[in-house]
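Notes to accompany the following structure.
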Amino acid sequence: MQYTARDRLRFLAALGALPLSACAGGGGSTPAAPAPLPAPPVPPPPPPPPTGSTATLKQVFATEFEIGAAVQTAQVTGGGVDQSLAEAHFSSFTSEFEMKADIISPTQGTYNFDPADALRTFAQANGAKVRGHALLWYRTTPGYFTVGTASDIRDKLETYIGEVAGRYAGDIYAWDVVNEVVSDSGTDTYRQDDWFQAVGQDYIDWAFTAARAADPSAKLFINDYSTEFAGKRGRLITVIRDLLDRGIPLDGVGHQFHLSRGIDPNQVLAAIDEIDALGAGLEQHVTELDISVYNDPPECFASGVNCQTGYGTAPSDVPDRVYQEQAQLYRDLFDGFKARDSVTSVSLWGIRDSQSWLNNYPVSRSNYPLLFDPDGDPKSAFLAITDPDYVI
Ligand code: XIL
């Protein structure tokens with residue numbers, strides 16, 4: 001709290017240290033010599049933000065980074081539990097899917113901005129920011145984008161990005177310009193998707209250049225998953241270096257961090273360190289954080305096979321030690337994010353366990369990967385990151 005000179009005068013007058021006339025400027029005929037003023041009282045330090053279940057994420061991380069969540073617009077405008085949690089805890093919102101091209105422009109030249117506009121309105125009404133996700137993602141690219149000559153394809157992409165990034169110019173602090181363009185296979189650098197098949201890697205340059213032109217104030221990100229694994233990260237770094245070498249406007253790297261409970265936090269944090277080590281001054285956002293309660297083999301995520309059997313549909317079906325491991329991992333990660341200056345935004349991929357995409361992906365089974373349980377109550381993971389004294 002800041003004390004003004006006026007506050008100090010009021011305080012002294014109340015103590016009787018100053019005659020009221022000294023405040024009001026009135027005077028008698030023979031004013032007495034003024035008594036020496038005592039030193040002004042030292043204002044008490046502001047109380048620390050609450051910790052534990054009364055804490056709010058945005059208070060706890062206010063001086064560290066934006067703390068965000070992916071949401072569907074209806075979820076945060078319906079007046080329910082999610083809206084209350086969203087308003088209380090998050091300083092940043094990402095559309096879980098309503099800013100993707102298959103929703104915004106399913107057919108060429110038509111645009112549906114209603115849910116995205118409503119999310120912007122919600123965020124701004126709550127003093128929160130919007131993270132744009134994603135201008136280009138192969139999984140949500142309507143087919144019309146990638147047919148025709150390279151020049152047609154470029155025109156369509158530039159028109160789309162101009163419309164979308166232009167509409168939200170100044171209101172979106174960061175855009176995932178391209179999402180998941182890096183190959184999972186060691187033999188290719190770039191994902192061999194429809195974009196790559198149609199025009200090679202040039203579409204990435206076109207997307208960044210168009211985004212910068214449409215909204216010069218947004219930070220432009222390349223976003224991907226599995227950056228905690230050295231192979232994928234190496235390929236991502238190859239792509240990043242190439243973009244930077246050629247002066248393509250890239251400001252940051254988004255790490256999705258869809259994690260399994262058993263992963264070593266140092267392995268995850270190494271992803272941040274390796275991007276820092278490029279020395280390019282890139283910002284880093286954790287864009288889609290969640291920690292599955294399952295420890296699946298890689299083929300589960302890749303093709304839905306050999307996934308661990310679900311624990312059950314009630315949160316209490318999950319053993320306590322699993323929640324404890326999850327909480328410890330969340331704590332270690334948030335401590336690591338706080339310690340790294342390049343991390344300027346951390347977003348959870350959802351608010352409550354019951355709406356996580358991981359209930360349906362890679363297979364259907366109940367998952368409990370977030371900070372709030374299905375009722376919206378804070379989990380151990382929440383307490384672990386908001387209260388350093390909380391014993392897991
Ligand atoms: C997911 C959403 O959560 C789902 O609701 C949607 O059906 C598919 O997309 N990586 C991403 C996100 O970049 O956009 C994905 O979101 C999850 C994986």
Side-chain angles (χ1 to χ4, degrees), residues 68-76 82 86 90 92-106 112 115-116 119 130-142 145 164 172 174-184 190-191 193-195 204 207 211 220-229 232-233 235-236 239 252-260 263 268 271 284-292 294 296 298 300-304 307 345-372 374:
V71 295
Q72 300 166 27
T73 298
Q75 218 185 318
V76 291
D82 290 310
F90 297 100
S92 170
F93 294 97
T94 307
S95 268
E96 188 177 356
F97 49 74
E98 288 153 314
M99 285 192 188
K100 293 171 182 168
D102 58 339
I103 303 286
I104 288 190
S105 188
N112 169 26
L119 184 68
V130 180
R131 221 186 155 276
H133 175 82
L135 291 172
L136 186 153
W137 186 26
Y138 77 102
R139 279 180 55 187
T140 50
T141 295
F145 272 99
V164 178
I172 293 222
W175 265 111
D176 290 330
V177 177
V178 294
N179 190 32
E180 303 183 357
V181 298
V182 177
S183 171
D184 287 320
Y190 295 89
R191 183 179 292 282
D193 57 14
D194 288 351
W195 287 102
I204 301 175
L220 305 183
F221 278 68
I222 183 169
N223 191 47
D224 220 314
Y225 62 85
S226 290
T227 59
E228 65 277 20
F229 297 105
K232 181 76 174 268
R233 184 165 68 238
R235 292 187 287 280
L236 172 63
V239 174
V253 177
H255 303 266
Q256 293 186 6
F257 288 163
H258 294 292
L259 304 174
S260 286
I263 197 158
V268 180
Q284 304 204 61
H285 288 183
V286 177
T287 53
E288 307 185 15
L289 181 61
D290 47 27
I291 301 178
S292 169
Y294 303 108
D296 297 308
C300 168
F301 248 75
S303 43
C307 299
S345 175
V346 176
S347 294
L348 283 298
W349 202 247
I351 298 178
R352 279 190 287 163
D353 283 343
S354 44
Q355 302 106 349
S356 165
W357 74 303
L358 292 176
N359 292 301
N360 309 302
Y361 187 89
V363 289
S364 279
R365 66 186 165 181
S366 295
N367 209 329
Y368 305 88
L370 297 168
L371 301 176
F372 296 94

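Atoms within each ligand, like the ligands themselves, are counted from 1 in listed order. Numbers here simply count residues along the sequence, with the first being 1.
- In summary, the atoms of ligand 1 found under 4.0 Å from a heavy atom of His133, numbered by their order in the structure, are 11 (C), 12 (C), 13 (O), 14 (O).
- In plain terms, the two heavy atoms of Ala174 and His285 that are nearest each other are CB-CE1, 3.6 Å.
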Applying ring-ring contact (aromatic ring centres under 6.0 Å, His included) to Tyr361 and Phe301, what does each step give before you reach the verdict? CA-CA 8 Å; Tyr361 187 89; Phe301 248 75; 5.8 Å; yes
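- Polar contact with ligand 1: present for Lys100 (N/O pair, distance under 3.5 Å).
- Not a single protein heavy atom sits closer than 4.0 Å to atom 7 (O) of ligand 1.
- Each of the atoms 9 (O), 14 (O), 15 (C) of ligand 1 lies under 4.0 Å from some heavy atom of Trp137.
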Can Asp296 and Arg365 be said to form a salt bridge (Lys or Arg N to Asp or Glu O under 4.0 Å), step by step? CA-CA 13 Å; Asp296 297 308; Arg365 66 186 165 181; 2.7 Å; yes
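- The aromatic rings of His133 and Trp349 stand perpendicular to each other, their planes meeting at an angle above 60°, with 30° marking the opposite boundary.
- Cation-pi check for Arg131 over Phe221 is met; the charged atom lies under 6.0 angstrom from the ring centroid and within 45 degrees of its normal.
- Closest to atom 3 (O) of ligand 1 among all protein heavy atoms lies Glu96 OE2, 2.5 Å.
- Nearest residue to atom 16 (O) of ligand 1 from Trp349, Phe97, Tyr225 is Trp349 (criterion: closest heavy atom).
- Considering backbone and side-chain atoms together, Arg139 places no N or O closer than 3.5 Å to any N or O of ligand 1.
- When each atom of ligand 1 is checked for a heavy atom of Asn179 under 4.0 Å away, the hits are 11 (C), 13 (O).
- In summary, the atoms of ligand 1 found under 4.0 Å from a heavy atom of Glu288, numbered by their order in the structure, are 10 (N), 11 (C), 12 (C), 13 (O), 17 (C), 18 (C).
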Would you check, one step at a time, whether the test side-chain hydrogen bond (donor to acceptor under 3.5 Å, both in side chains) holds for Trp357 with Asp290? CA-CA 10 Å; Trp357 74 303; Asp290 47 27; 3.0 Å; yes
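- At a 3.5 angstrom cut-off on N or O pairs, Glu180 counts as close to ligand 1.
- The residues Asp102 and Arg139 are annotated as not salt-bridged, no charged nitrogen and carboxylate oxygen being separated by less than 4.0 angstrom.
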